[in-house]
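Below is one structure, written out as structure tokens; the observations come after it.
The chains referred to below are lettered A, B, ... by the order of the sequence lines, with proteins before strands, and numbering in each begins at 1.
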Amino acid sequence: MTVTASPEAAVRGPGQLAVDLAGVVKRFGAVTAVDDISLRIRPGEVVALLGPNGAGKTSTIDMLLGLSAPTHGTVRVYGRPPQEAVALGLVSAVLQTGGLLKDYTVEETVRLTAVLFGRGRDDVGRALRRAGIADIGSRLVGKCSGGQQQRLRFAMALLPDPELLILDEPTTGMDVGGRHDFWSAIREDARGGRTVIFATHYLEEADAYADRVVFVRRGRVVADGTAAEVKALASGRTVRATLPGADEAALRGLPGVESVEVRGDSVYVHARDTDQVARYLLSETAARDLEITSRNLEQAFLALTGDETVVGSAR
Amino acid sequence: MSMPVTRNLPRFGGFTFAMIGLELRRMVRNKRTVIFTVVLPAAFFLLFGTNAAARTERVGGGNVTGLILVSMAVYGAMLSTTSGGAMVSIERAAGWSRQLRLTPLRPAAYIAVKLVLAMVIGAVSVLVAFAVGAVSGAQLPASAWVACGLLAWVCALVFAAFGLFMGYLLPSENVMQILGPVLAVLAFAGGLFVPLDQMGHTFATIAQFTPVYGVGEIARYPLTRDGNLWVAALNVVVWTALFAAGAMWRFRRDTARV
């Protein structure tokens, strides 16, 4: 199952790519964490890297940030080697955990980041405000909640005013309210045209906040498409009916039918227009006990990332 | 974002006094560090160095209280510089070093900041000990106040290197809980707490090879004018080289992941 966006159609002018991963492989000893990923991200895109734990999302992000080097392939961020892009403040990141010192106050932590990037006090205040933590500037980091610490990481990431912001599972461990507030802040910020890449295993986050969703599984890109396409993928419903000796080919031939599965006397038809399938089953066949269930994003996700699926790369 | 931003790399790999200032502020906030580096050596001095016998017995141009003061200043300086260097351990454990790699700060500039910090708190430790000593009966010739203090401080660079080495070697968040006792044993073995000539010949011979010996001998020399300066200097140079090499080795391993 594959979703494909039309990459060429959306290219805006001759602008430089924000991210260009070409044939990237990352191995740790015998383990291949990233297995030949090629990915091009244009400036201004908000991209979700979606996949289960261990899919290679964090390894990919580490290479984008110059925290590790690919075993094979090349990584370019705004046309530069990642470490250079990081040092220039073109790219910054909110990493999963850690990365803060308990003995600093919130404001001092951001001020230190400003000092390192050669920025002034104005930038400190702006980053604190944008991250929504200006009111707790004098609080010690060790006394901040998980959500506040995550906002602090966000403020630090905003400080160099990066072209590309990378978020690695940014809302892990946050409650629903904290998650909502955090995404509101990110969304507000992305309105200015910043490129954003975020890794997540929350489907609803990918769906709600990304223009483009890149599914990763076992170090490979399984699917790559717009959020709308992901929704379409998940929009279908399943009709289950008891129908001994079902004619699979005939069912598959119905308009909008995506898949047909026969298990014993039961038949499962997955389709966009399940009403039409139901009408057909009841009027043209001996089917009975009809049930119609909707397929949610979770199932779409499992279908894409599960082991039983035959995988085809989109790009 | 909307306006094009000029982006430049910072000078000196990101080494700034503003960073040192912030780091100092953080260090002072840590009560354990303050107690270890400033209070403890001064308290030891008051406890062991200010009895009547020590005040009256003469050494060089001063008294034994002054001699013990210099030893305690050395002890304070080595505690301070070690904990300054060992800060990298806490920062690595907290993931802060990784966070810093998302900034223009070069690893060498980071090390330089840590060394400067270690030496600054080392200086504070020596100054506090000397101030306490001055009002508590320690007598040294004027030149020795300056020379002993400077030497205690400068030679403590050995322990800044030691702290860095241990900071990269030990991944513990409470690295000073390990290093505190280690330093106490080294200080004892190096003759800071008890004069080596009271410890017997074998012990005194072994002591010359331990890393605190050289620093103590050199720092006390302006007062005592006694002992073999060459052996002491060799001791300091060799241990500094060893610890610095160790720190470099671990540091390279740490940054080689890129």
| task | Considering only heavy atoms and a distance below 4.5 Å, find which of B:Asn8, B:Leu105, B:Leu22 pairs most often with chain A. | result | B:Leu22
| field | Which portion of B:Thr103 sits near chain A, non-hydrogen atoms under 4.5 angstrom | value | both
| remark: Greatest number of non-hydrogen atom pairs under 4.5 angstrom with chain B, of A:Val115, A:Leu101, A:Thr105, A:Thr113, falls to A:Leu101
| Contacting moiety of A:Leu159, where chain B heavy atoms sit under 4.5 Å | neither
| request: Go through B:Arg11, B:Arg106, B:Met27, B:Met19 and name the one with the most non-hydrogen pairs under 4.5 angstrom from chain A. | output: B:Met19
| query | Charged N to carboxylate O below 4.0 Å: is that the case for B:Arg26 and A:Glu108? | reply | no
| request: Tell me, for A:Met63 versus chain B, whether the close heavy atoms (under 4.5 Å) come from the side chain, the backbone, both or neither. | output: neither
| said: Whether B:Arg98 and A:Asp62 form a salt bridge (side-chain N of Lys/Arg under 4.0 Å from carboxylate O of Asp/Glu) is what I want to check. | reply: yes
| Does the side chain of B:Arg29 reach to within under 4.5 Å of the side chain of A:Leu140, using non-hydrogen atoms? | yes
| field | Part of A:Leu95 lying under 4.5 Å from any heavy atom of chain B | value | side chain
| request: Check whether any side-chain heavy atom of B:Pro104 lies under 4.5 Å from a side-chain heavy atom of A:Phe117, and answer yes or no. | output: yes
| remark: Contact list (residues 71-92 of chain B to chain A, heavy-atom gap under 4.5 Å, by number) returns B:Glu91
| query | Of all of A:Ala93, A:Gly89, A:Gly118, A:Pro82, which one pairs up most often with chain B through heavy atoms under 4.5 Å apart? | reply | A:Gly89
| request: Measure from the side-chain N and O atoms of B:Arg7 to the backbone N and O of A:Pro160, and report whether any donor-acceptor pair falls under 3.5 Å. | output: yes
| task | Mind checking the CZ-CG spacing from B:Arg101 to A:Leu65? Nearest 0.5 Å is all I need. | result | 10.0 Å
| query | Nearest 0.5 Å, what's the OG1-CG distance between B:Thr33 and A:Asp103? | reply | 7.5 Å
| message | If you define the side chain from C-beta out and look only at heavy atoms, does anything of A:Leu116 sit under 4.5 Å from B:Tyr110? | response | no
| Where on B:Arg25 is there a heavy atom nearer than 4.5 Å to chain A: the side chain, the backbone, both, or neither? | side chain
| message | With a 4.5 angstrom heavy-atom cut-off, is it the side chain or the backbone of A:Arg111 that approaches chain B, or both, or neither? | response | both
| said: Give me the atom names and distance for the closest heavy-atom approach of A:Leu100 to B:Trp96. | reply: CA-CE3, 4.0 Å
